[in-house]
Amino acid sequence: MKLKSNLVVCWLIVVIASLLVVAGCAGNGKEGEPESKLITITDSIGRSVELSLPLEKVIVLNSDAAEAMRILKVDEKIIGAPENVIDHAYLEMGDKESVGKWNQPSFEKMVELQPQVVISYASSSPGEEVIEKLEPAGVKVVLLDLYKPDRYDSELLIMAEMFGREKEAAAFVEWKAEQIAILDQVKEVPSEQRLNVFAMSTSKYEQETWGTFGSGTATHQAIERSG
């Protein structure tokens with residue numbers, strides 16, 4: 001009878017200990033810290049990227065990603081950015097670590113900062129080069145353009161999923177739609193009354209080096225959308 005009682009006690013100890021282990025694993029192991037979880041998102045070139053949430057250390061490689069994170073109110077998660085983003089007065093990123101130029105970033109610096117994820121352009125440089133250089137070093141990379149009108153909303157919602165800010169993204173997308181609804185009026189303008197437009201740009205004005213925008217670019221989309 002005594003042996004049976006001892007076995008029951010031992011069994012209860014094992015059960016209680018197991019429950020404590022499970023309870024400890026369910027959280028982060030530290031009181032007050034958010035529970036971690038894995039999610040899989042699909043970026044703008046169709047890659048499935050598994051991320052461990054919450055994201056607290058992020059590097060952005062362009063102003064569009066930085067602006068999107070400000071819209072979602074998660075820009076405090078940014079630990080590194082290129083020089084043009086840091087110097088941009090509106091973005092207020094002066095306290096971030098420099099990772100070089102947006103189109104020639106320092107991969108060594110990014111690895112040194114140990115980010116959970118790096119966000120770069122999908123259809124512009126450095127794009128896929130970031131994947132080739134950083135993922136072998138264990139750094140997650142997500143490619144989102146966040147500047148082309150035809151897919152901006154869907155890309156912002158992808159970013160929102162990364163930070164648990166789906167409600168904020170949905171509210172912004174709704175607000176933006178209300179602001180640009182005025183563009184629907186141009187649909188009534190006959191084609192023969194519409195202006196012909198040629199857009200060009202330069203980053204080397206002194207050298208008089210100019211470029212234009214092809215079909216499908218963000219500028220082309222904006223010109224067509226505005227009639």
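- Within the 3.5 Å criterion, the main-chain N or O of V141 finds a donor-acceptor partner in the side chain of R47.
- For the atom pair CH2 of W102 and CD of E83, the computed distance is 13.0 Å after rounding to the nearest 0.5 Å.
- Distance CD/E135 to NZ/K140: 7.0 Å, rounded to 0.5 Å.
- Hydrophobic clustering places V173 together with I158 (ILVMFWY residues linked when any side-chain heavy atoms are closer than 4.5 Å, directly or through intermediates).
- One hydrophobic cluster, built from ILVMFWY side chains closer than 4.5 Å, cannot hold both L144 and I45; they sit in different ones.
- At most 12 heavy atoms of other shown residues, nucleotides or ligands fall within 6.0 angstrom of atom CD in E208.
- For the pair S123 and S44, the minimum side-chain heavy-atom distance is 4.5 Å or more.
- Follow the hydrophobic side-chain contacts under 4.5 Å out from W175 and you reach M159 in the same cluster.
- Of the possible donor and acceptor atoms, one in the side chain of T212 sits under 3.5 Å from a partner among the backbone N and O of A199.
- For S125 and N103, the side-chain atoms include no donor-acceptor pair closer than 3.5 Å.
- Of the possible donor and acceptor atoms, none in the side chain of E161 sits under 3.5 Å from a partner among the backbone N and O of L157.
- Hydrophobic clustering (ILVMFWY, side-chain heavy atoms < 4.5 Å, transitive): I131 and L113 are in one cluster.
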**OP:** Just do the salt bridge (Lys or Arg N to Asp or Glu O under 4.0 Å) check on D184 and R225 with the steps written out, would you?
**Re:** CA-CA 9 Å; D184 292 335; R225 185 73 174 87; 3.6 Å; yes
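- Contact check for F163 versus E168: no side-chain heavy atoms found under the 4.5 Å cut-off.
- Taking the centre and axis of the six-membered ring of Y90, the NZ or CZ atom of R70 falls inside the cone set by 45° and 6.0 Å.
- Within the 3.5 Å criterion, the main-chain N or O of D145 finds a donor-acceptor partner in the side chain of E155.
- When all heavy atoms of G216 and Q221 are compared, the closest pair comes out as O-NE2, 3.0 Å.
- Taking the side chain as every heavy atom from C-beta outward, D75 and M93 approach each other to under 4.5 Å.
- Taking a 6.0 Å sphere around CG of L38, one finds it holds more than 12 heavy atoms contributed by other residues, nucleotides or ligands.
- In this structure a side-chain-to-backbone donor-acceptor pair under 3.5 Å is missing from K109 to G100.
- Clustering ILVMFWY residues whenever any of their side-chain heavy atoms sit less than 4.5 angstrom apart, transitively, puts M110 in a cluster other than the one holding V58.
- In this structure, CG in D87 is found 8.5 Å from OG in S98, a value given to the nearest 0.5 Å.
- Counting heavy-atom neighbours within 6.0 Å of K101 NZ, excluding the residue itself, gives a total of 12 or less.
- How far CG of L156 is from CZ of R151: 14.0 Å, rounded to the nearest 0.5 Å.
- Closest approach of L51 and L55 over heavy atoms only: CD1-CD1, 4.3 Å.
- Note that the NZ atom of K133 and the CD atom of E108 stand 8.0 Å from one another [nearest 0.5 Å].
- Between V85 and N62, the closest side-chain pair of non-hydrogen atoms is not below 4.5 Å.
- Contact record, G127 with S120: N-OG, 3.7 Å, taken as the closest heavy-atom pair.
- Residues V117 and I41 have side chains not in contact (no heavy-atom distance under 4.5 Å, counting atoms from C-beta outward).
- The two residues V189 and R194 come nearest to each other via the heavy atoms O-NE, 3.0 Å.
- Using a 4.5 Å heavy-atom threshold, the side chains of Y147 and S63 count as separate.
- The shortest non-hydrogen separation linking Q116 to S52 is NE2-O, 3.7 Å.
- Just one of V139, I119, I79 meets the side chain to side chain contact (heavy atoms under 4.5 Å, CB included) condition when paired with I59; it is I79.
- Here the side chains of K96 and V60 are not in contact, with every heavy-atom distance at 4.5 Å or above.
- Within a 6.0 Å sphere centred on CD of Q114, other residues, nucleotides and ligands contribute 12 heavy atoms or fewer.
- Scanning all heavy atoms of the two residues, the minimum distance from T42 to S48 falls at OG1-OG, 4.2 Å.
- The structure places CE of M69 at 11.5 Å from CG of L91, a figure rounded to the nearest 0.5 Å.
- Using a 4.5 Å heavy-atom cutoff, the side chains of Y121 and L61 are not in contact.
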